[in-house]
Amino acid sequence: MTTIDDAGVLRGLHVPGTPVILPNVWDAASARAVQEAGFPAVATGSAAVARVLGHDDGERVPVDEMMSAVARIARAVDVPVTADVERGYGLKPAELAERLLTAGAAGCNLEDSDPRTGELIDPGEQADFLAEVRAAAGQALVINARVDTYLHGSTSREQALTRAERYLEAGADCVYPITLADEDEIRALVTALGGRPVNVLFRPGAPSLGRLAELGVARVSFGAGLHRLAHAHTVALLAKVKAGDSPF
């Protein structure tokens with residue numbers, strides 16, 4: 001089981017202008033590789049974990065399988081682990097918090113759209129959900145609240161900011177406007193939130209890691225990107241073997 005100290009370490013890494021870099025992992029081996037590379041925390045990526053477990057993303061993974069995967073990852077490393085658990089796999093907030101803590105997670109990502117339909121959740125409903133997770137976990141979980149407006153096609157800063165503010169007020173430690181990559185918009189959101197932690201997804205077209213630091217970002221995630229690259233490399237190696245060539 002995680003301790004409040006693990007969450008405290010993870011929370012302390014969220015420094016605007018000096019972001020914690022989280023190359024998201026998918027199993028115990030990739031988690032160990034992240035730790036051995038010198039990163040101070042490990043983050044899972046739900047899409048990558050789902051694929052490794054033989055499921056599609058979008059809460060298609062049975063919750064017991066996902067929590068078991070998180071637990072294996074947490075046991076494999078000596079740094080805090082934050083788990084991407086989509087919107088909680090249908091668990092009530094108190095049970096979700098308990099399952100995460102029992103698995104050894106010190107933090108979690110929670111998204112504000114329905115993973116199965118893509119429909120945005122009412123921000124008040126999502127804020128209540130986050131508040132209940134916070135109440136159940138106390139300070140033993142670092143809550144990263146995803147804001148999915150940009151993901152689903154809205155470019156309204158006002159809409160994203162309204163959701164972000166409500167989630168922070170509800171007890172989230174950090175907000176994650178996933179897929180937002182425009183420098184001016186990132187800067188504007190960070191400024192409007194008064195330096196409270198903002199997470200940005202690093203992907204093709206996003207500002208460099210150094211530039212994200214200059215923009216005041218506090219956390220940078222890689223989502224399923226590294227797993228996609230690793231899998232593509234494996235596919236290329238297998239093609240060599242099939243062709244009768246050496247993959248080495």
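This structure is a prediction, so every number in the text was calculated from the model and none was measured. Residue numbers count from 1 along this sequence.
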| request: Give the C-alpha distance, both sets of side-chain angles, the deciding distance and a yes or no for side chain to side chain contact (heavy atoms under 4.5 Å, CB included) between V9 and D5. | output: CA-CA 6 Å; V9 170; D5 291 339; 5.6 Å; no
| Stepwise, does the side-chain hydrogen bond (donor to acceptor under 3.5 Å, both in side chains) test hold for S154 with Q159? | CA-CA 8 Å; S154 171; Q159 186 180 7; 2.8 Å; yes
| query | Run the side chain to side chain contact (heavy atoms under 4.5 Å, CB included) check on L120 and T149 step by step: do they pass? | reply | CA-CA 7 Å; L120 285 165; T149 53; 4.2 Å; yes
| field | D184/R187 under side chain to side chain contact (heavy atoms under 4.5 Å, CB included): CA gap, chis, key distance, verdict | value | CA-CA 5 Å; D184 291 339; R187 182 192 298 106; 3.1 Å; yes
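Considering CE of M66 and CZ of R60, their distance stands at 12.5 Å, rounded to 0.5 Å. Note that CG of D182 is 10.0 Å distant from OG1 of T155, once rounded to the nearest 0.5 Å. The NE2 atom of H227 sits 8.0 Å away from the CG atom of D27 when rounded to the nearest 0.5 Å. For the atom pair CD of E95 and CG of L91, the computed distance is 4.5 Å after rounding to the nearest 0.5 Å. The distance from atom CZ of R163 to atom CZ of R146, rounded to the nearest 0.5 Å, is 12.0 Å. Between the CZ atom in F129 and the CD1 atom in I143 there is a gap of 9.0 Å [rounded to 0.5 Å].
Contact detail for C108 and V85: the closest heavy-atom pair is CB-CG2, 4.1 Å. The minimum heavy-atom distance linking L141 with A137 is given by the pair CD1-CB, 3.7 Å. In terms of heavy-atom proximity, A7 sits nearest to A106 at CB-O, 3.7 Å. Across all their heavy atoms, L101 and A140 have their closest contact at CD2-O, 3.5 Å. A224 and A48 make their closest contact through CB-N, 4.3 Å (heavy atoms, listed as atom of the first residue, atom of the second, distance). Residues A41 and L13 come closest through the heavy atom pair CB-CD1, 4.0 Å.
R11 places a side-chain heavy atom less than 4.5 Å from the side chain of Q139. Residues V15 and V20 form no side-chain contact, since every pair of their non-hydrogen atoms from C-beta on lies 4.5 Å or further apart. Residues S46 and Y89 meet the side-chain proximity criterion, which asks for heavy atoms closer than 4.5 Å. In this structure, the side chains of L110 and L130 come closer than 4.5 Å at one or more pairs of heavy atoms. For the pair T44/I73, a side-chain contact is recorded, criterion being any heavy-atom separation below 4.5 Å from C-beta on. You'll find the side chain of F39 stays beyond 4.5 Å of the side chain of Q35, heavy atoms only. P19 places a side-chain heavy atom less than 4.5 Å from the side chain of I21. Y150 is not listed as a side-chain neighbour of I178, based on a closest heavy-atom distance of 4.5 Å or more.
D148 places no side-chain N or O within 3.5 Å of a backbone atom of L151 that could act as its donor or acceptor partner. When atom types are taken as modelled, the side chain of E185 and the backbone of L180 share no donor-acceptor pair closer than 3.5 angstrom.
For R51 and D57, the salt-bridge test fails: no basic side-chain N is under 4.0 Å from an acidic carboxylate O. Using a 4.0 Å cut-off between charged nitrogen and carboxylate oxygen, D64 and R99 count as a salt-bridge pair. Between D173 and R134 there is a salt bridge, since a side-chain N of the basic residue sits under 4.0 Å from a carboxylate O of the acidic one. Using a cutoff of 4.0 Å between basic side-chain nitrogens and carboxylate oxygens, R116 and D114 are not scored as salt-bridged.
Residues Q126 and R87 have side chains that bring a donor and an acceptor to within less than 3.5 angstrom of each other.
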Let me have the donor-acceptor pairs involving side chains of residues 234-248, under 3.5 Å, with sequence neighbours excluded, atom names and distances please.
residue : atom : partner : partner atom : Å
T234    : OG1  : A230    : O            : 3.1
S246    : OG   : F248    : N            : 3.1

Quiz: residues 200-221 side-chain donor-acceptor pairs under 3.5 angstrom, not counting sequence neighbours:
residue : atom : partner : partner atom : Å
R203    : NH2  : T179    : O            : 2.6
S208    : OG   : R211    : N            : 3.0
R211    : NE   : E183    : OE1          : 2.8
R211    : NH1  : E214    : OE1          : 2.9
R211    : NH2  : E183    : OE1          : 3.2
R219    : NE   : N199    : OD1          : 3.3
R219    : NH1  : H14     : NE2          : 3.0
R219    : NH2  : N109    : OD1          : 3.3
S221    : OG   : N199    : OD1          : 3.1
S221    : OG   : N199    : ND2          : 3.2

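In the displayed structure, H231 atom NE2 is contacted under 6.0 Å by at most 12 heavy atoms of other residues, nucleotides or ligands. Within a 6.0 Å sphere centred on CD of E158, other residues, nucleotides and ligands contribute 12 heavy atoms or fewer.
Remark: E119 engages T117 in a side-chain contact (heavy atoms from CB on, under 4.5 Å) (not counting sequence neighbours).
Both V79 and F222 sit in one connected hydrophobic cluster of ILVMFWY residues. Membership requires side-chain heavy atoms under 4.5 Å apart, directly or through other members. When the side chains of ILVMFWY residues are joined at heavy-atom separations under 4.5 Å, either directly or via intervening members, L193 and I186 end up in a single hydrophobic cluster. A continuous path of ILVMFWY side-chain contacts below 4.5 Å connects V34 to V81, so both sit in one hydrophobic cluster. Both L226 and V25 are part of a single hydrophobic cluster, where members link through side-chain heavy atoms under 4.5 Å apart. Residues V63 and V61 share a hydrophobic cluster, clusters being chains of Ile/Leu/Val/Met/Phe/Trp/Tyr side chains in contact below 4.5 Å.
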